[in-house]
S.K.: 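Mind looking over this structure? Questions follow.
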Protein chains: 2
Amino acid sequence: MYTSNALKAELNDKGWRLTPQRETILTVFQNLPEGKHLSAEELHDLLHEQGDPISLSTIYRTVKLMSRMGILRELEFAEGHKHYEINQPYPYHHHHLICVKCNKTIEFKSDSVLKIGTKTAQKSGFHLLDCQLSIHAICPQCQRSIVPN
Amino acid sequence: MYTSNALKAELNDKGWRLTPQRETILTVFQNLPEGKHLSAEELHDLLHEQGDPISLSTIYRTVKLMSRMGILRELEFAEGHKHYEINQPYPYHHHHLICVKCNKTIEFKSDSVLKIGTKTAQKSGFHLLDCQLSIHAICPQCQRSIVPN
DNA sequence: CTCTTTGCAAAGCGTTTGCAGGCCC
DNA sequence: GGGCCTGCAAACGCTTTGCAAAGAG
């Protein structure tokens with residue numbers, strides 16, 4: 001479990017600050033049910049509902065920052081906007097199977113993919129943040145659908 | 001090699017048309033050196049230079065169509081715009097290691113990832129279009145960089 | 001001859017940014 | 001106290017869309 005203190009330490013280490021907003025956002029993602037991911041706007045709404053209004057720009061800045069720190073994963077499901085979820089280590093780390101027509105997504109796990117990702121980054125001297133296998137496909141329902149495109 | 005005829009057949013099968021623009025765009029991607037990928041705008045410029053001007057909207061419509069047909073792959077390198085490349089089958093199929101700071105990308109191949117993708121789609125009855133492992137990381141140079149964020 | 005596709009220009013929309021005030025360390 | 005961070009509103013830039021004309025089958 002990644003704590004606020006760990007976040008603070010990591011931020012301060014780079015000359016940055018731990019703010020209430022950043023702490024709140026971290027908490028939200030940690031309490032999200034497994035497999036649930038949020039867009040910036042969904043996060044904005046959720047925070048508003050729970051009585052912690054945070055401006056959209058701060059949200060955008062924070063999720064980007066946390067993604068680059070490896071705390072969140074940025075998911076691109078080709079819907080025109082990004083989704084975010086907490087970046088869980090093994091054995092919670094997972095990947096996505098996505099229907100390009102209806103955007104239905106199914107999660108799945110794979111130790112070997114994670115291993116390959118880790119090894120590949122290492123081999124080139126990269127510092128790994130996240131590795132995700134995205135399978136773009138058409139789900140059974142959409143295969144049968146008559147709707148064009 | 002995916003021919004114009006194959007494209008025509010596949011389009012007509014769905015009641016669509018093979019147009020000069022679509023044929024030209026397919027050809028461009030087929031002649032691109034391995035590992036090279038284009039954004040919509042880059043493709044637009046390239047076509048212009050080679051004397052085949054095609055409007056940006058047609059380009060957007062075409063790359064989206066071909067991605068959904070599984071002919072092109074849509075690559076998201078988090079630069080705010082998508083890149084496209086021809087979707088090669090085994091053994092040309094590859095994945096990307098991306099630096100989230102400078103966007104440098106390194107390609108790598110992996111039979112096992114492709115197998116896992118194929119199997120996973122199959123298991124859920126999905127029709128596979130593309131599977132890509134994206135490794136988000138920080139490259140050696142950027143790790144050393146003093147520039148914030 | 002019908003229905004798809006193109007090109008143009010305008011609209012759309014998620015995301016970024018400049019700036020003044022506020023806050024963390 | 002200094003510099004980072006927030007919130008607001010405006011700007012941005014990639015992508016999509018409406019529409020009339022052109023073209024494929």
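Just the heavy atoms: all of them, side chains too, but no hydrogens, waters or symmetry mates, feed the values below. Letters go in sequence order (proteins before strands), and every chain restarts at 1.
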S.K.: Is A/Tyr60 near enough to C/dT16 that one of its side-chain N or O atoms lies under 4.0 angstrom from OP1 or OP2?
M.R.: no

S.K.: Students often get this wrong, so: under 4.0 angstrom with heavy atoms, is B/Arg22 touching a base, only sugar-phosphate, or nothing?
M.R.: sugar-phosphate

S.K.: Could you pick out which residue, B/Ser57 or B/Leu18, lies toward the 5' side of DNA chain D when each is mapped onto its nearest nucleotide?
M.R.: B/Ser57

S.K.: In whole Å, what is the span from the CG atom of B/Leu11 to the P atom of C/dT4?
M.R.: 13 Å

S.K.: Could you name each residue pair satisfying ring pair (Phe, Tyr, Trp, His ring centres under 6.0 Å) that touches residues 106-127 of chain A, not counting sequence neighbours?
M.R.: A/His95-A/Phe108

S.K.: Please determine which of B/Ile54, B/Thr58, B/Leu38 meets the side-chain contact (heavy atoms from CB on, under 4.5 Å) test together with B/Leu47.
M.R.: B/Ile54

S.K.: Scan A/Thr19 against the nucleic acid and name what it touches under 4.0 Å (heavy atoms): base, sugar-phosphate only, or nothing.
M.R.: sugar-phosphate

S.K.: If you assign A/Glu41 and A/Arg61 each to the DNA chain C nucleotide with the nearest heavy atom, which residue ends up on the more 5' nucleotide?
M.R.: A/Glu41

S.K.: Is A/Leu128 reachable from A/Met66 through a run of hydrophobic residues whose side-chain heavy atoms are each under 4.5 Å from the next?
M.R.: no

S.K.: If we check side-chain contact (heavy atoms from CB on, under 4.5 Å) with B/Leu65, which of these qualifies: B/Ile71, B/Leu72, B/Leu11, B/Ile25?
M.R.: B/Leu11

S.K.: Can you check the A/Leu65 CG to C/dT15 C1' distance for me, whole Å?
M.R.: 16 Å

S.K.: Give the minimum heavy-atom separation between B/His136 and B/Val100, together with the two atoms involved.
M.R.: CB-CG1, 3.7 Å

S.K.: Under a criterion of less than 4.0 angstrom to any heavy atom of chain B, what are the 5'-terminal and 3'-terminal contacting nucleotides of DNA chain D?
M.R.: D/dC14 to D/dG25

S.K.: Need one value for B/Lys8: base, sugar-phosphate or nothing, where a base atom within 4.0 Å counts as base even if backbone is also close, heavy atoms only.
M.R.: sugar-phosphate

S.K.: Assign the ring pair A/Phe77 / A/His37 to parallel, tilted or perpendicular, where the plane angle (0 to 90°) is split at 30° and 60°.
M.R.: perpendicular

S.K.: Atom NE2 of A/His44 to atom C1' of C/dC13: distance rounded to whole Å?
M.R.: 16 Å

S.K.: Reading DNA chain D from 5' onward, which residue's closest nucleotide shows up sooner: A/Gly15 or B/His81?
M.R.: A/Gly15

S.K.: Whole-Å distance between C/dG22 C1' and A/Ile54 CD1?
M.R.: 15 Å

S.K.: Mind calculating the distance between CH2 (B/Trp16) and C1' (C/dT4) to the nearest angstrom?
M.R.: 11 Å

S.K.: Answer yes or no: does atom NZ of A/Lys109 have more than 12 heavy-atom neighbours from other residues, nucleotides or ligands under 6.0 Å?
M.R.: yes

